[in-house]
Amino acid sequence: MYCKNCGKEMNEYGICTNCGWRYSAVQTRQIPKRKNTLPIVYIIVVGLITILLLISNWGNGLSAETIGLEAKGGSIWYLLYGMVMYAPAYFLLQRKKLRWCALFLLVGAAIYIGTFYLTNQDYVNQLFDTLDTQSSSSDDVWGQIYNAIQSEADKDYQEEVLMQKIIADCLHAGYTAFIFATAVPSIVLSAAILFTVDKKVYTALLIVSCILALFLTSINSVMLLFMGLSIRKDYDLLLLERKQKN
């Protein structure tokens with residue numbers, strides 16, 4: 001069946017996803033109810049991920065204390081992350097305002113980045129600070145290197161300090177880059193939700209998002225997968241929402 005307004009093919013419910021026109025007969029018949037399997041699985045996955053993050057935070061606290069570093073706690077941030085990621089479940093179950101899922105994805109990604117600095121996960125940054133301290137007895141490492149250069153007798157020591165400083169800085173920079181890269185999968189999926197107009201393109205971006213998440217955030221990839229699949233199942237409704245807004 002094709003739309004009489006724009007000529008585009010209509011979905012199985014007699015709704016044109018291009019212009020929003022509805023076939024009159026669709027108003028007189030019951031639209032088949034769609035199952036909520038994927039949204040329910042998403043809810044379960046978010047709960048499991050939140051529990052695992054809390055356990056991981058507790059373990060990181062023990063590791064920090066074992067090596068003499070400060071344990072920050074910060075479990076409240078993982079609880080907040082879980083609450084934010086639970087919010088899209090409402091839209092997935094209601095099949096309304098699916099675009100809002102993108103907003104909560106981005107907010108969740110920002111909170112997840114913050115957990116690297118506000119929870120026991122921050123012990124990694126403390127380790128890098130320890131490396132910097134051990135590389136020199138002076139607070140001004142580069143000043144010490146400059147002074148060492150002035151003396152030929154200190155050449156070997158200068159090279160050792162310089163190498164330690166470079167390694168520590170490179171590791172720290174790489175870790176920081178990794179932290180901010182954890183937001184990329186959520187950004188990709190959010191872009192797919194907000195901007196794609198073709199289901200195949202959406203599916204491709206969903207796959208890319210899940211693969212990136214698998215390498216960057218591990219367990220979060222499962223959460224993104226079931227959110228993405230749930231929206232994919234109702235992709236015609238997502239397109240219809242955009243057309244109605246415009």
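Predicted model, so just to flag it, every value in this text is computed and none were measured. The first residue in the sequence is number 1, and the count goes up from there.
- Clustering ILVMFWY residues whenever any of their side-chain heavy atoms sit less than 4.5 angstrom apart, transitively, puts Phe91 in the very cluster that holds Val41.
- Residues Ile219 and Tyr78 fall within the same hydrophobic cluster, defined by Ile, Leu, Val, Met, Phe, Trp and Tyr side chains chained together at heavy-atom separations under 4.5 Å.
- A donor-acceptor contact shorter than 3.5 Å is absent between the side chain of Ser56 and the backbone of Leu52.
- Using modelled atom types and a 3.5 Å distance limit, the side chains of Tyr235 and Thr196 yield a donor-acceptor pair.
- Taking CG from Leu98 and CG from Leu237, the interatomic distance works out to 6.5 Å, rounded to the nearest 0.5 Å.
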(request) Begin with the C-alpha distance, continue with both residues' side-chain angles, and end with the deciding distance and a verdict on side chain to side chain contact (heavy atoms under 4.5 Å, CB included) for Ile111 and Val107. (result) CA-CA 6 Å; Ile111 295 175; Val107 173; 4.1 Å; yes

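- The OG atom of Ser230 lies 8.0 Å from the CG atom of Asn36; values are rounded to the nearest 0.5 Å.
- The number of heavy atoms from other shown groups lying within 6.0 Å of NZ (Lys199) is above 12.
- Annotation: side chain of Leu54 is in contact with side chain of Leu79 (closest heavy-atom distance under 4.5 Å).
- Rounded to the nearest 0.5 Å, atoms SG (Cys210) and CG (Leu229) are 7.0 Å apart.
- Heavy atoms only, all atoms of each residue included: Leu93 and Pro39 are closest at CD2-CB, 3.5 Å.
- Taking CD1 of Ile211 as the reference point, atom CG of Leu206 lies at 9.5 Å (rounded to 0.5 Å).
- Each of Ile76, Asn220, Val46 was scored for a side-chain contact (heavy atoms from CB on, under 4.5 Å) with Tyr81, with one residue passing: Asn220.
- Hydrophobic clustering places Phe178 together with Phe180 (ILVMFWY residues linked when any side-chain heavy atoms are closer than 4.5 Å, directly or through intermediates).
- Atom CD1 of Ile113 sits about 11.0 Å away from atom OG1 of Thr176, to the nearest 0.5 Å.
- Put simply, CG on Asn60 and CD1 on Ile55 are 12.0 Å apart, with the number rounded to the nearest 0.5 Å.
- A heavy-atom distance below 4.5 Å is found between the side chains of Leu92 and Cys101.
- Using a 4.5 Å heavy-atom cutoff, the side chains of Val188 and Val184 are in contact.
- With Ser209 contributing its side chain and Leu205 its backbone, the two residues share no donor-acceptor pair below 3.5 Å.
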(request) Step by step, work out the side chain to side chain contact (heavy atoms under 4.5 Å, CB included) result for Thr217 and Leu224. (result) CA-CA 11 Å; Thr217 60; Leu224 295 180; 5.6 Å; no

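- Across every non-hydrogen atom of Leu189 and Met227, the tightest pair is CD2-SD, 4.3 Å.
- Taking the six-membered ring where the residue is Trp, the centroids of Phe116 and Tyr112 are separated by under 6.0 Å.
- Residues Met85 and Leu103 fall within the same hydrophobic cluster, defined by Ile, Leu, Val, Met, Phe, Trp and Tyr side chains chained together at heavy-atom separations under 4.5 Å.
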(request) Could you go through the side chain to side chain contact (heavy atoms under 4.5 Å, CB included) check for Leu238 and Ile231 one step at a time? (result) CA-CA 8 Å; Leu238 175 64; Ile231 294 176; 4.0 Å; yes

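- For Phe226, there are no ring pair (Phe, Tyr, Trp, His ring centres under 6.0 Å) partners two or more places apart in sequence or in a different chain.
- Applying the ring pair (Phe, Tyr, Trp, His ring centres under 6.0 Å) test to Tyr42 and every residue at least two apart in sequence or in another chain returns nothing.
- Placement of Trp100 and Leu80 within a single hydrophobic cluster is found when ILVMFWY residues are connected by side-chain heavy-atom separations under 4.5 Å, directly or transitively.
- No side-chain heavy atom of Asn57 sits less than 4.5 Å from a side-chain heavy atom of Thr115.
- Listed for the Tyr86 side chain is a donor-acceptor partner under 3.5 Å among the backbone atoms of Ile43.
- Considering only heavy atoms from C-beta on, Asp234 stays 4.5 Å or farther from Lys96 through its side chain.
- Counting all heavy atoms, side chain and backbone alike, Ile193 lies closest to Arg99 at CG2-CA, 3.9 Å.
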